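As structure tokens, the structure follows; a few thoughts come after it.
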Amino acid sequence: MILGLYNYWIVVLLMMIGFYIVIAHGNLIKKLVGLTIFQTSVFIFYISMGNVDSGSAPILAEGVSRYSNPLPHVLILTAIVVGIATTALGLALVVRIKESYGSIEEDEIQIQDQLTEDKT
Amino acid sequence: MLAHLPILQVIVPLMAAPLCWFLDRSRLVWLFALLVSGFSCLTSIALLQQVMSSGTILYQLGGWDAPWGIEYRIDELNALLLLIISTISTIVLFAAQTSLQKELPKERHTLFYSLYLLSLTGMFGIVATGDLFNVFVFLEISSLSGYALIALGKDRRALWAAYQYLIMGTIGATFILIGIGLLYQMTGTLNMDDLANRLPEVDQTRTVFAAFAFLIVGVCLKLALFPLHLWLPNAYAYAPSIVTAFLAATATKVAVYLLIRFTYTIFGIELSFSILPLQNLFMVLGLVGIFAASTAAIYKTNVKHIFAYSSIAQVGYMIIGYAINTPTGLMATLLHLFNHALMKSALFLALGAVMYRIGSVQLSQFQGLGRQMPLTMAAIVVGGLSLIGVPLTVGFISKWYLLIAAVEAGMWPVAVLVLLGSLLAVLYIWRIVEIAYFKPPVPGREPVKEAPWTFLVPIWVLVLANIYFGIDTRLSVQVAQAASQSLFGINP
């Protein structure tokens, strides 16, 4: 029972790993990597959800009567696109941050911000 | 044409966003964006009229019937939100061209307007749709364009703020996505109405509880409920003035809408307030949010920061009305949604005018502005009074109904605390007034001129609306009441 749901365990594990990286790491790129892992776990979750035991791809063909549910797969295709857009935007921001702060470490950026704040 | 209004509301700005690139001349693009936003405004007024006279509007996309196809569903609540978003967006956009000249290099103007329209599309979409997955997609459209808009700020701290917002916002949106997935797993439908019908069969399962928790946490991240508000102050403070005015008036409101929609329509009141101690939780978080954020606002030296923290406090008021969980309480929340949008857009636009003239919104730079920019500062004062909740302003109306709701529900301490919270608002508003009116002008600075009329007109339209809706409450109260009663299933 518990092992049979192994894909959901993988989802939970990946989700926790991703979330932990986002919180624990100060490097902006690593944070984005964590975020991507976190999102990917949700993709796997949707894909497992749509799967039907011994179901085939949802196509019209001879001798096929059990289909996997195509809807979650289609939905997650959209979510993947959204995820890519988020990552791309995040990376673009990191590039700009690197250009103007000269660093992609969270603590160094915060020190610099503190300095600007003290000056004004 | 009239039957297609719900989709036009969303699709017109969506189509207009890429068209901006073909015009590609700063002034032309601005006029175009203004036109599109004005059109959305007319659409939403027409929708509101239609809803108030003949009830909920259903629109089937592509002619597919509801549980299979995607459905747009406009009831009183949606129509009210659409009206708030489109009106504020149009008024704010009017000042955009002037403000951008100072805050953004010319070659980025097209980018700005096209992102702005996308963000607008996202918000319209979230509100108009009756399909859960659509909510997620539109949420990401509005958020992604929002991050980019914030990153356009002049200060390099805008980049850092946008990055932090991106991380927090994506976590929030992904939580919502998980919640939607779990709900689909249990019911096999994404249509909100259909979900509401099917959920009672499975509502005592752990999966549904988990879905509920994920959705609530995700939405609370988006609406910047204390203590999940950390992304907000910097994002508002360093974004271009126009973006701040627009987002402060609309983005968190849309998230509050989602919270109401999820709990009242989809899960139903009984389930929502029984599986988690939601009422107590939100009541406490709302109150703590009011006090913590208002106190933080008192100690800030950047005026945009002050009002950003005050936004978090105002979200607290909305959440309290929501947590009272009576038709009056919800009505107070909806009224405050409407009223707070009016106050904050006026205030942030006025700050935009200050930014235009002196290039800074540090509190110390406000010295002497009371004489030099009398109309702008007067707008800030009226907006501030409205935030405090002085009679004859909209702030009074929403707090009045909030107090009535709290007293009706027998929550006296809440009523007292809400009043005390308003006193804190007096403190931070007074600091601005004191420096602007009673301190000599900044030594060595050229005398500052009044803001240009392109700023003053939208600011004062909003300020007058603040006063008008504080006296004549027929429209706002009527719509809020109708929306809250229909959510509670009371037939008027």
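Predicted model, so just to flag it, every value in this text is computed and none were measured. Just so we're on the same page: letters track the sequence lines, and every chain starts at 1.
Minimum heavy-atom separation, Val82(A) to Phe136(B): CG1-CZ, 4.2 Å.
At distances below 3.5 Å, not a single donor-acceptor pair connects side-chain atoms of Trp64(B) with backbone N or O atoms of Glu71(B). Gln112(A) places a side-chain N or O within donor-acceptor distance of the main-chain N or O of Tyr101(A), the cut-off being under 3.5 Å.
Per-residue counts of heavy-atom pairs under 4.5 Å with chain A were compared for Leu182(B), Val137(B), Asp155(B); the largest is that of Leu182(B). For the options Val22(A), Asp113(A), Val94(A), heavy-atom pairs under 4.5 Å to chain B are most numerous at Asp113(A).
Contacts of Ile109(A) with chain B are made by side-chain atoms alone, with heavy-atom separations under 4.5 Å and no backbone atom involved. Of the two parts of Tyr163(B), the backbone and the side chain both hold a non-hydrogen atom closer than 4.5 Å to a non-hydrogen atom of chain A. Looking at Leu35(A), only its side chain comes within 4.5 Å of chain B, counting heavy atoms on both sides. Both the backbone and the side chain of Ser100(A) come within contact range of chain B, each with at least one heavy atom under 4.5 Å from a heavy atom of that chain. In this structure, chain A has heavy atoms under 4.5 Å from both the backbone and the side chain of Ile180(B). Residue Tyr238(B) touches chain A through its side chain alone, counting heavy-atom pairs closer than 4.5 Å.
A donor atom on one side chain and an acceptor atom on the other are not found under 3.5 Å apart for Gln185(B) and Thr207(B). No side-chain donor from either of Trp21(B) and Thr110(B) sits under 3.5 Å from a side-chain acceptor of the other. Side chains of Gln60(B) and Asp65(B): a donor-acceptor N/O pair is absent below 3.5 angstrom, by distance only.
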